[in-house]
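Written below as structure tokens is the structure these notes are about.
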Amino acid sequence: MDELTPRDQIRAADADRQRVAEQLRSAHDEGRLDLAEYDERLQQAWAARTYAELDRLTADLPAGRPQPVPAAQGSLAASGDGREQLRRGRNWHGSVTAWLSASLINLVIWAIVSLSTLSWIYPWWIWVAGPWGAVLLARWVAERSDAARPPDERR
């Protein structure tokens, strides 16, 4: 980074965007921003490239402007709880969607075969949905218990 580069022209990090998003959420919770303005500013925050763009989004809020994260802390902050929770949420969504899709497809195939033969067929689809669902449930319980622990005791 060039020492002569004005702060407003320096590129913002994900940690800076996350901090602005939290400030906007707080302002929305306090009733300072309505839902439409909060949504608009939040989208602009995640699309912002420089500190100047982020500063404009919070200039009229009482908490002031977000402080930049030093370069050494930026990578740590960017991989902190906010991004980790977002990553976990995406993983969960994909895992549950895949399990639900496969389970429903198998259930529909079983139902079509049972109805078309007019006889009861062993519900084999349970052996697809059950173990996979049990693994997802166990993973969910493990993550919940891990999240309940203090940060210094987590795995």
Side-chain angles (χ1 to χ4, degrees), residues 1-109 111 125-126 128-155:
M1 176 172 74
D2 185 4
E3 296 299 324
L4 301 176
T5 304
R7 179 187 175 279
D8 289 352
Q9 295 176 2
I10 297 173
R11 292 185 73 86
D14 285 342
D16 300 315
R17 292 181 195 91
Q18 178 68 34
R19 196 171 3 278
V20 169
E22 287 299 317
Q23 187 176 352
L24 293 172
R25 183 193 54 76
S26 294
H28 173 65
D29 291 346
E30 294 169 357
R32 297 180 192 280
L33 298 174
D34 63 20
L35 185 58
E37 187 174 14
Y38 168 68
D39 184 51
E40 179 182 331
R41 288 188 189 199
L42 190 61
Q43 289 177 15
Q44 291 173 1
W46 287 110
R49 292 186 180 148
T50 64
Y51 284 120
E53 293 173 25
L54 290 176
D55 289 346
R56 279 193 294 270
L57 298 173
T58 58
D60 62 339
L61 300 176
R65 299 177 188 157
Q67 298 301 316
V69 177
Q73 293 176 353
S75 59
L76 295 175
S79 63
D81 287 337
R83 290 197 53 163
E84 181 66 20
Q85 287 176 350
L86 183 61
R87 185 188 59 77
R88 284 184 184 171
R90 287 181 184 149
N91 287 346
W92 272 113
H93 179 73
S95 298
V96 171
T97 301
W99 169 77
L100 188 60
S101 298
S103 299
L104 285 175
I105 289 169
N106 283 298
L107 177 63
V108 167
I109 291 170
W125 59 271
I126 291 173
V128 175
W132 192 355
V135 168
L136 286 175
L137 180 63
R139 191 175 120 202
W140 180 78
V141 168
E143 283 188 16
R144 289 286 180 195
S145 65
D146 189 42
R149 293 183 190 155
D152 57 340
E153 294 180 15
R154 292 184 188 166
R155 293 182 244 161

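Values reported hereafter were calculated over all heavy atoms of this structure, with side chains retained and with hydrogens, waters and symmetry mates removed.
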**OP:** Using the side chain to side chain contact (heavy atoms under 4.5 Å, CB included) rule, take Q18 and W46 through it: C-alpha gap first, then chi angles, then the decisive distance, then the call.
**Re:** CA-CA 8 Å; Q18 178 68 34; W46 287 110; 3.4 Å; yes
Original post:
Between L61 and L24, is any pair of side-chain heavy atoms under 4.5 Å apart?
Top reply: yes
**OP:** Determine, step by step, whether E53 and R49 satisfy the salt bridge (charged side-chain N to carboxylate O under 4.0 Å, His left out) criterion, reporting the C-alpha distance in whole Å, the side-chain angles of both residues, the deciding distance to 0.1 Å, and the verdict.
**Re:** CA-CA 7 Å; E53 293 173 25; R49 292 186 180 148; over 6 Å; no
Subject >> Atom pair CZ/CG of R139 and L137 - distance to nearest 0.5 Å >> reply: 11.5 Å
**OP:** Report yes or no: do Q43 and D39 form a side-chain donor-acceptor pair below 3.5 Å?
**Re:** yes
Subject >> Test item: R7 and D55 side chains (from C-beta on) under 4.5 Å apart, heavy atoms >> reply: yes
Original post:
Between Q9 and T50, which heavy-atom pair has the shortest distance, and what is it?
Top reply: O-CG2, 4.0 Å
Original post:
Do you know which two heavy atoms are closest between L33 and R41, and how far apart they sit?
Top reply: CD2-CZ, 3.7 Å
Original post:
Are side-chain heavy atoms of Y51 and D16 found at a separation under 4.5 Å?
Top reply: yes
Subject >> Min side-chain heavy-atom separation R25-E22 under 4.5 Å >> reply: yes
Original post:
Has the side chain of W99 got a donor or acceptor atom that lies under 3.5 Å from a matching backbone atom of A129?
Top reply: yes
**OP:** Would you give the length of the straight line joining atom CG of L100 to atom OG of S95, rounded to the nearest 0.5 angstrom?
**Re:** 12.0 Å
**OP:** Search all heavy atoms of P131 against all heavy atoms of I126 and return the closest pair with its distance.
**Re:** CD-O, 3.7 Å
Original post:
So do the side chains of L136 and W92 get within less than 4.5 Å of each other, counting heavy atoms only?
Top reply: yes
Subject >> Minimum-distance pair of heavy atoms, taken over all atoms of A21 and L42 >> reply: CB-CD1, 3.5 Å
Subject >> From CD (Q23) to OG1 (T58), nearest 0.5 Å >> reply: 4.5 Å
